[in-house]
Amino acid sequence: MTSQEIRQQFLDFFKSKEHLIVPSAPIVLKDDPTLMFSNSGMTQFKDYFLGYKEPKSSRIADTQKCLRVSGKHNDLDDVGRDTYHHTMFEMLGNWSFGDYFKKEAITWAWELLTEVYKIPKENLYVTIFEGDEKESLERDNEAYDLWKQFISEDRIINGNKKDNFWEMGASGPCGPCSEIHVDLRSAEEKAKVSGLDLVNNDHPQVVEIWNLVFMQFNRKADGTLENLPAKHIDTGMGFERLCMALQQKESNYDTDVFTPLIAKVEELSGKKYTGILTDEKDIAIRVVVDHIRAVSFAIADGQLPSNGGAGYVIRRILRRGISYAYRFLDRKEPFLFELVAVLQNQMGKFFPELEKQGNLVAEVIKSEEESFLKTIENGLLRVEKLIQQTITDGKKVLPSEEVFELYDTYGFPDDLTRIIAEEKGLTIDETGFEAEMTKQKQRSKKDSAAKVYDWVILEEKPETFVGYDQLETETYITRYRKIENKDGEFYQIVLSNSPFYPEGGGQVGDKGVIENATESFEVLETKKENGLIISLINALPKDAGAVFYAKVNAADRRNSQANHSVTHLLHEALRDVLGTHVEQKGSYVGPDYLRFDFSHFSKMTEEELTLVESKVNAKIKENLALQEFRNIPIKEALEKGAMALFGEKYGDNVRLIQFGTSKELCGGTHVKSTSEIGHFKIVSESSAAAGIRRIEAISGDKSEEYFKNLETQFTEVSQLLKSKDLIKSIEKLLEENSVLKAEIELFKKEKAKDEIQNWKNDFEEKNGKKLLVKKTSLDAASIKDIVFQLKKENSNSVIIIISDAGDKPMITVGVSTDLESTYHAGNIVKELAKEIQGGGGGNPGFATAGGKNLKGIENAYQKALEI
């Protein structure tokens with residue numbers, strides 16, 4: 001049975017059980033402040049469990065792409081070194097939201113595994129929650145009694161809280177769970193050791209394949225448990241492990257989920273995969289085929305590699321794959337990008353984003369490979385220099401600070417430094433390196449750490465967002481909670497009616513005030529979390545239940561929504577000018593400026609930029625009225641021609657924003673007509689990543705300021721030049737400057753000739769060799785010419801020139817060819833540079849150094865005379 005068939009059978013089975021089959025949510029989470037990535041199948045359904053949203057069906061099933069590389073769920077370091085851990089994996093799941101519970105979940109799981117997939121019953125074990133006295137939680141006897149109907153009691157194992165009580169995080173929905181494990185060992189191995197003793201003991205052939213979570217509690221921030229309003233089912237079955245069991249393989253990597261990728265790596269690298277767990281070559285191949293999946297899906301969902309946040313995680317995964325290929329597969333050129341086509345062929349049917357975004361994904365990966373391979377080459381030079389210095393100092397251990405700097409600042413893999421050091425008979429200071437890593441993690445944790453208290457609920461009432469129509473409204477606080485972070489103590493509040501737009505879709509959240517006759521509080525930011533619009537204030541009102549008046553900062557909102565509306569016009573103009581391959585890949589919309597990232601593979605020309613700008617401004621002048629469809633079925637919106645962006649999560653009903661022919665699905669705030677935008681001006685166009693261009697632009701008030709500043713500068717330059725014809729005046733200045741430059745160069749050459757003639761006779765004989773030490777104000781280029789001429793004409797010579805040109809001290813050293821084995825110009829210049837608080841270097845025949853201390857020139861001169 002192929003992996004495609006296994007996946008389809010799961011979906012078909014639960015469809016027959018009246019489950020709605022939904023597509024996988026994006027692997028990258030853009031509007032969830034608690035998670036960067038979907039790390040489990042239930043992530044996209046959090047709001048249903050928490051009661052913030054109504055599910056479209058009480059029974060749902062799907063296959064969800066997941067990523068576990070950070071935080072509590074982190075499998076990165078295990079990938080490649082065993083048969084079953086992955087960064088990106090698929091989680092097959094079925095859910096019940098207040099509908100069925102343990103009986104149906106257990107019955108259907110057994111039916112699917114044993115009757116549909118035909119897994120021998122004697123190969124299965126199940127675990128149940130044994131209870132926990134500290135939490136006053138009893139043993140899950142209900143699950144035990146249900147399992148007894150299908151499996152012998154000696155195969156039902158008690159599990160502790162760690163293994164059999166599932167929690168979403170430090171707080172949130174949770175409950176006991178029942179795991180299903182499969183024993184894939186041979187009959188001989190089973191006869192020697194019972195599978196009962198190997199469950200949950202990290203045996204590669206006795207593995208968990210399905211977890212049935214019985215969601216019935218909510219973990220509060222203070223650690224206590226409360227019952228959820230309704231009981232839910234949340235199951236997750238590891239697709240890759242299921243394929244291993246059904247295809248009767250000993251490793252996930254031996255299934256057809258991975259074998260096509262492995263075959264391509266073998267073809268490209270010339271290395272044969274043998275599947276040995278300890279073979280570095282095989283580990284590298286497993287790492288590469290795993291990581292290419294994670295990176296490809298993340299990029300297809302809109303997350304580009306970068307130096308921060310989720311983008312940094314993706315870059316780290318990709319660089320880990322490149323590093324393994326470089327070290328163990330001898331791949332010194334980009335090649336991971338060639339695996340994308342194989343992945344498309346395997347998974348494009350179920351995940352259309354791979355089909356749609358395949359070219360972009362490959363281009364981004366190729367660019368990242370090229371960049372990081374250069375980093376590795378440069379890092380190798382730095383490591384070599386560090387090793388030589390360590391040996392020169394008579395030491396055997398590379399200092400931890402330098403090794404950590406290579407890793408943290410330059411992105412050079414620490415394990416590669418370790419390998420190179422060992423080849424030279426050295427080690428690295430492991431304790432010191434780990435201490436540096438710990439410090440970095442603590443700094444990062446301190447920067448982001450926030451203690452969040454439980455909500456204090458004043459009224460159980462859903463809040464209403466009124467900000468599309470109103471900037472001011474009467475309201476009251478329905479709930480609040482305290483938070484503490486590095487900046488102090490704050491309060492998050494939820495309002496019954498909120499005019500404050502929460503950060504999302506690239507648009508910044510609103511600021512403003514809430515006030516009444518006795519109190520006033522500044523709203524510092526507004527965000528959305530678990531369906532709640534949350535505003536941040538720095539103190540709690542004396543009477544939190546009082547009526548307040550909420551007011552948005554009108555000027556900031558006006559400018560932000562002008563910038564948001566203009567991004568829609570910009571998107572359309574770019575597609576008109578560059579082609580329909582252009583798609584939005586990210587944006588920032590604030591009151592001061594807008595940033596728009598889009599797919600395009602070359603730098604835009606000035607003509608293209610001018611044309612795009614003029615098209616946008618033409619739409620603004622047309623005074624196009626906003627046509628807003630606030631809550632229409634997504635199918636209807638798409639039929640109207642709306643653009644849906646890959647990597648975005650859309651519900652059944654959406655909001656469609658239309659300005660003339662521009663039609664986009666969008667939740668942001670917008671102008672009522674395009675004339676409110678005023679004017680649009682592109683400030684810059686640059687590369688954001690491979691295949692991604694970035695436009696930064698301004699509109700409205702900021703555009704007006706821009707042109708006023710230009711007018712002021714024009715006036716000031718006119719006054720300086722005493723002319724209104726600036727072009728003619730500047731041309732004249734450039735011409736005069738060119739003539740003067742030529743005269744100066746001529747003067748320098750004449751002066752240099754004079755110096756050469758003067759200096760030829762000033763060589764001092766010392767021990768059968770000649771030394772020339774001179775102070776001058778000549779520039780660097782002239783001195784270099786002189787030194788090379790004097791070296792050529794004077795054998796057995798060392799020449800040292802100390803200059804104060806431009807009020808900057810500089811030392812130049814030349815050594816004639818016949819003395820290069822005795823004297824080294826680079827070493828001499830380093831020694832002398834200490835006197836001018838500088839540094840430099842060069843080869844045995846020629847070297848230079850610059851410095852900061854002009855007063856040190858005399859000391860350097862005297863020291864040079866002693867050479």
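Numbering starts at 1 and runs along the sequence shown.
- Using a 4.5 Å heavy-atom cutoff, the side chains of Arg315 and Leu304 are not in contact.
- Here the straight-line distance linking atom CZ of Arg319 with atom CD1 of Ile317 works out to 13.0 Å at 0.5 Å rounding.
- Ion pairing of Asp804 with Lys808 is absent here, as no side-chain N (NZ or NE/NH1/NH2) approaches a carboxylate O to less than 4.0 Å.
- Salt bridge present: Glu484 and Lys482 bring a charged side-chain N and a carboxylate O closer than 4.0 Å.
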message: side-chain contact (heavy atoms from CB on, under 4.5 Å), that's the test. Do Arg320 and Arg316 meet it? Break it down for me.
response: CA-CA 6 Å; Arg320 189 172 186 263; Arg316 183 178 166 219; 5.8 Å; no
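- With Ser599 contributing its side chain and Glu583 its backbone, the two residues share a donor-acceptor pair below 3.5 Å.
- Salt-bridge annotation for Arg382 and Glu405: absent, with no side-chain N of the basic residue lying under 4.0 Å from a carboxylate O of the acidic one.
- Listed for the Asp282 side chain is no donor-acceptor partner under 3.5 Å among the backbone atoms of Tyr273.
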- request: Take Ile483 and Leu536 through the side-chain contact (heavy atoms from CB on, under 4.5 Å) test and state the conclusion after the steps.
  value: CA-CA 10 Å; Ile483 67 167; Leu536 185 73; 3.9 Å; yes
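- Distance alone, capped at 3.5 Å, places no donor-acceptor pair between the Ser803 side chain and the Met810 backbone.
- Under the 4.5 Å side-chain criterion, counting only non-hydrogen atoms from C-beta, Leu354 is in contact with Ser296.
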- request: Mind running side-chain contact (heavy atoms from CB on, under 4.5 Å) on Thr83 and Leu277 for me, showing each step along the way?
  value: CA-CA 8 Å; Thr83 61; Leu277 284 180; 3.9 Å; yes
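- Applying the 6.0 Å contact sphere to NZ of Lys830 captures no more than 12 heavy atoms from other residues, nucleotides or ligands.
- For Glu240 and Arg293, the salt-bridge test passes: some basic side-chain N is under 4.0 Å from an acidic carboxylate O.
- With rounding to the nearest 0.5 angstrom, the CD atom of Glu434 is 10.0 Å from the CZ atom of Phe404.
- In summary, Glu384 and Lys424 engage in a salt bridge, as defined by a charged side-chain N under 4.0 Å from a carboxylate O.
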Show the atom names and distances, to 0.1 Å, of all donor-acceptor pairs under 3.5 Å that link a side chain in residues 323-332 to residues at least two apart or in another chain.
{"from": "Ser323", "atom 1": "OG", "to": "Arg327", "atom 2": "NH1", "distance (Å)": "3.1"}
{"from": "Tyr324", "atom 1": "OH", "to": "Arg81", "atom 2": "NH2", "distance (Å)": "3.2"}
{"from": "Tyr326", "atom 1": "OH", "to": "Glu377", "atom 2": "OE2", "distance (Å)": "3.2"}
{"from": "Arg327", "atom 1": "NH1", "to": "Asp415", "atom 2": "OD2", "distance (Å)": "3.1"}
{"from": "Arg327", "atom 1": "NH2", "to": "Asp415", "atom 2": "OD2", "distance (Å)": "3.3"}
{"from": "Asp330", "atom 1": "OD2", "to": "Lys271", "atom 2": "NZ", "distance (Å)": "3.0"}
{"from": "Arg331", "atom 1": "NH1", "to": "Leu268", "atom 2": "O", "distance (Å)": "2.7"}
{"from": "Lys332", "atom 1": "NZ", "to": "Tyr326", "atom 2": "O", "distance (Å)": "3.2"}

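- Of the charged side-chain nitrogens involved, none lies within less than 4.0 Å of a carboxylate oxygen, so that Glu503 and Lys528 do not count as a salt-bridged pair.
- The aromatic rings of His86 and Phe258 lie parallel to each other, with less than 30° between the two planes, well short of the 60° mark.
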- request: Go through Ser782 and Asp779 one step at a time and tell me if the side-chain hydrogen bond (donor to acceptor under 3.5 Å, both in side chains) criterion holds.
  value: CA-CA 6 Å; Ser782 299; Asp779 64 283; 2.8 Å; yes
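- Under the 3.5 Å distance criterion, the side-chain polar atoms of Asp301 are matched with a main-chain donor or acceptor of Ile27.
- Here the closest heavy-atom approach between residue Pro26 and residue Gln64 is recorded as O-NE2, 4.1 Å.
- At a threshold of 4.0 Å, the pair Lys439-Glu436 counts as salt-bridged, since one of the basic side-chain nitrogens sits closer than that to a carboxylate oxygen.
- Checked against a 6.0 Å centroid threshold, the rings of Tyr84 and Tyr253 do not count as neighbours.
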- prompt: Between Leu373 and Ile322, is a side-chain contact (heavy atoms from CB on, under 4.5 Å) present by the stated rule, with each step listed?
  reply: CA-CA 8 Å; Leu373 287 168; Ile322 299 167; 3.9 Å; yes
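- Atom CD in Glu353 sits 11.0 Å away from atom CD in Gln344 (nearest 0.5 Å).
- By the 4.0 Å N-to-carboxylate-O rule, Lys863 lies too far from Glu866 to be salt-bridged with it.
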Please tabulate, one pair per line, all N/O donor-acceptor pairs under 3.5 Å involving side-chain atoms of residues 845-860, not counting sequence neighbours.
{"from": "Asn853", "atom 1": "OD1", "to": "Lys855", "atom 2": "N", "distance (Å)": "3.2"}
{"from": "Glu858", "atom 1": "OE1", "to": "Lys775", "atom 2": "NZ", "distance (Å)": "2.6"}
{"from": "Glu858", "atom 1": "OE2", "to": "Gln862", "atom 2": "NE2", "distance (Å)": "3.0"}

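- Here CG of Leu819 is found 10.5 Å from NZ of Lys791. Values are rounded to the nearest 0.5 Å.
- The structure places CD1 of Ile801 at 11.0 Å from CD1 of Ile811, a figure rounded to the nearest 0.5 Å.
- Under the side chain to side chain contact (heavy atoms under 4.5 Å, CB included) rule, Pro399 has a single partner from Ile428, Asp393, Thr390, Asp429, which is Thr390.
- The distance from atom CD of Glu401 to atom CG of Leu406, rounded to the nearest 0.5 Å, is 12.0 Å.
- With sequence neighbours left out, the salt bridge (Lys or Arg N to Asp or Glu O under 4.0 Å) criterion links Arg595 to no other residue.
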